[in-house]
Protein chains: 2
Amino acid sequence: MVMQVRAGRLHVMLWRRANEPFAGAWALPGGPLLPDETLGASVARQLASKVEVQQLSHLEQLETRSDPDRDPRGRTVATAYLGLVPSHLDPALPEDTAWHPTDGLPETAFDHGSIVGSALGRLRAKLSYTNVGFALAPPTFSIAELRDIYVAALGYEVTATNLQRVLLRRGVLEATGETAAPGRAGGRPAMRYRFASPALEVTDPFAVLKPPSDRILPGRR
Amino acid sequence: MVMQVRAGRLHVMLWRRANEPFAGAWALPGGPLLPDETLGASVARQLASKVEVQQLSHLEQLETRSDPDRDPRGRTVATAYLGLVPSHLDPALPEDTAWHPTDGLPETAFDHGSIVGSALGRLRAKLSYTNVGFALAPPTFSIAELRDIYVAALGYEVTATNLQRVLLRRGVLEATGETAAPGRAGGRPAMRYRFASPALEVTDPFAVLKPPSDRILPGRR
DNA sequence: CCAAAAGTGTTGCCTATACACCCATGT
DNA sequence: ACATGGGTGTATAGGCAACACTTTTGG
């Protein structure tokens with residue numbers, strides 16, 4: 001599935017089914033795996049009809065569903081993927097495809113509603129301990145803009161002050177040196193930042209039970 | 001795959017292949033998914049010939065591998081699972097099956113070595129922010145015994161003092177009220193503890209960017 | 001009385017949140 | 001000047017690792 005922050009809310013791309021089962025219901029894009037095709041390649045192929053795949057800033061595998069009853073036509077095994085599109089892009093979508101806010105999903109086909117739910121949980125957790133933010137944000141941004149993206153994805157308020165501090169200390173963000181022009185109401189011009197790395201990295205690896213700092217070097221005991 | 005702490009080291013159960021490809025190499029137990037069978041049920045069925053499935057204290061899905069070349073006989077898609085056996089059990093294994101320490105694996109068939117590697121990473125991470133320890137430990141134990149289990153699984157030294165504090169504070173452990181007899185060398189009798197929950201729970205949900213207790217936005221779960 | 005093992009008290013460090021204050025711009 | 005939005009300084013709180021110290025046993 002593809003997710004993007006649009007207009008301050010996190011959205012997921014859904015496709016309206018024309019045929020039974022679940023005709024008229026919204027579903028995640030997907031389709032059968034071809035012989036000699038990787039799952040990742042298959043995802044790219046399935047999405048090609050919806051968005052330009054180059055617009056995906058991140059793609060990761062979620063879980064594999066195998067309930068024999070998940071498709072009334074018969075047994076299917078489906079592996080879900082999560083793709084992210086940075087907020088400054090606005091891919092042209094086909095007629096039957098649209099963005100839906102994740103906090104107000106319509107009736108969905110199959111088990112797709114629950115798949116979106118677990119994708120959400122995964123994305124939110126990773127915003128805390130990795131740099132996934134890079135995949136939702138434009139190339140450069142002010143802290144205020146980044147905050148809006150985090151708020152949309154996390155679903156709760158985050159202050160720009162603390163977001164800036166956490167991400168700068170970890171080295172996730174770096175200043176570009178440029179500033180943004182203030183709005184019509186004035187105000188100090190915002191500095192523009194960018195993510196230091198364009199690929200997923202774990203930035204807060206150990207919650208607790210960290211390996212003792214002075215015993216990493218000398219090897220084993 | 002099945003993992004267990006044995007004799008102070010984390011082990012994984014492997015099976016010696018009799019036939020080509022990879023004849024003689026060690027492999028993870030597994031096999032084809034039957035029609036109308038859930039992946040979880042399939043895992044249980046595959047393992048039934050190796051261990052008594054009731055001995056598994058935890059089972060969770062890992063990733064799905066789809067590289068067309070992962071099996072020289074032709075395309076296969078495989079979903080890996082991680083099962084854990086508490087350290088006080090010693091399942092009887094078939095002739096061709098044995099435990100191998102994860103820090104000294106033999107040559108393995110297919111991509112199984114790399115699958116074990118990612119399972120290890122996942123298990124270690126979860127020891128930090130969940131109560132998975134319950135699945136590796138016996139029903140009750142002293143802190144010293146639990147420490148040995150954590151050390152084996154994590155691969156680095158952990159002090160009993162701090163382990164106790166972290167797990168007690170989080171409510172992951174609770175005292176049974178019983179004490180263990182000291183060894184022949186004497187020493188204060190250890191209190192015995194148990195895990196408060198026999199199922200996986202996330203005990204340290206947010207690394208950072210926690211929702212401010214009073215500012216959770218309405219309607220955005 | 002001593003050694004061994006278990007558990008507690010205490011300290012210091014680090015991280016994160018909250019909030020006050022200062023800075024730079026438009027009107 | 002003043003309003004507006006951006007950024008920094010500082011106080012506070014909490015979690016964790018390290019280590020000293022106390023408790024309880026066997027010899």
#### Entry: Set of side chain to side chain donor-acceptor pair (under 3.5 Å) partners for A:T38, sequence neighbours left out
none
### Those residues that, when tested against B:W15, pass side chain to side chain donor-acceptor pair (under 3.5 Å) (two or more places apart)
B:D96
### Query
Between atom CG in B:L146 and atom C1' in C:dA5, what is the gap in whole Å?
17 Å
### Query
Can you pull the salt bridge (Lys or Arg N to Asp or Glu O under 4.0 Å) pairs that have at least one residue in residues 83-93 of chain B, sequence neighbours excluded?
B:R6-B:D90
#### Entry: For atom CG of B:D148 and atom P of C:dA5, their distance in whole Å
12 Å
### Task
Whole angstrom is fine here: how far is it from OH in B:Y129 over to P in D:dC16?
16 Å
### Message
Would you say B:S114 and B:R65 are linked by a side-chain donor-acceptor pair, where the criterion is simply a distance under 3.5 Å?
### Response
yes
### Euclidean distance, atom CD of residue B:E178 to atom C1' of C:dG7 [Å, nearest integer]
18 Å
### Task
Provide, to the nearest angstrom, the distance between the CD atom belonging to B:E157 and the P atom belonging to D:dA18.
11 Å
Can you pull every protein N or O that's under 3.5 Å from an N or O on nucleotides 25-27 of chain C?
residue: C:dT25; atom: O2; partner: A:G187; partner atom: N; Å: 2.8
residue: C:dG26; atom: O3'; partner: A:R184; partner atom: O; Å: 3.2
residue: C:dT27; atom: OP1; partner: A:R184; partner atom: O; Å: 3.4

### Task
Using the ring-ring contact (aromatic ring centres under 6.0 Å, His included) rule, collect all pairs that involve residues 162-205 of chain B, keeping only residues at least two apart or in two chains.
B:F141-B:F195
### Query
Sequence neighbours excluded, which residues qualify as side chain to side chain donor-acceptor pair (under 3.5 Å) partners of A:E52?
none
Please tabulate, for side-chain N and O atoms in residues 104-111 of chain B, each donor-acceptor pair with protein atoms closer than 3.5 Å (sequence neighbours left out).
residue: B:T108; atom: OG1; partner: B:G113; partner atom: N; Å: 3.0
residue: B:D111; atom: OD1; partner: B:R70; partner atom: NH2; Å: 2.9
residue: B:D111; atom: OD2; partner: B:R70; partner atom: NE; Å: 2.9

### Query
Can a side chain N or O of A:R147 be found less than 4.0 Å away from OP1 or OP2 on D:dG5?
no
### Message
Any base atoms under 4.0 Å from B:A144, or only sugar-phosphate, or nothing? Heavy atoms, all strands.
### Response
sugar-phosphate
### Task
Identify, residue by residue, the members of residues 161-169 of chain A with a heavy atom below 4.0 Å from DNA chain C, and return them in order of residue number, or none.
A:T161, A:N162, A:R165, A:V166, A:R169
### Summary
Those residues at least two apart in sequence (or on a different chain) that pass side chain to side chain donor-acceptor pair (under 3.5 Å) with B:Y150 are none
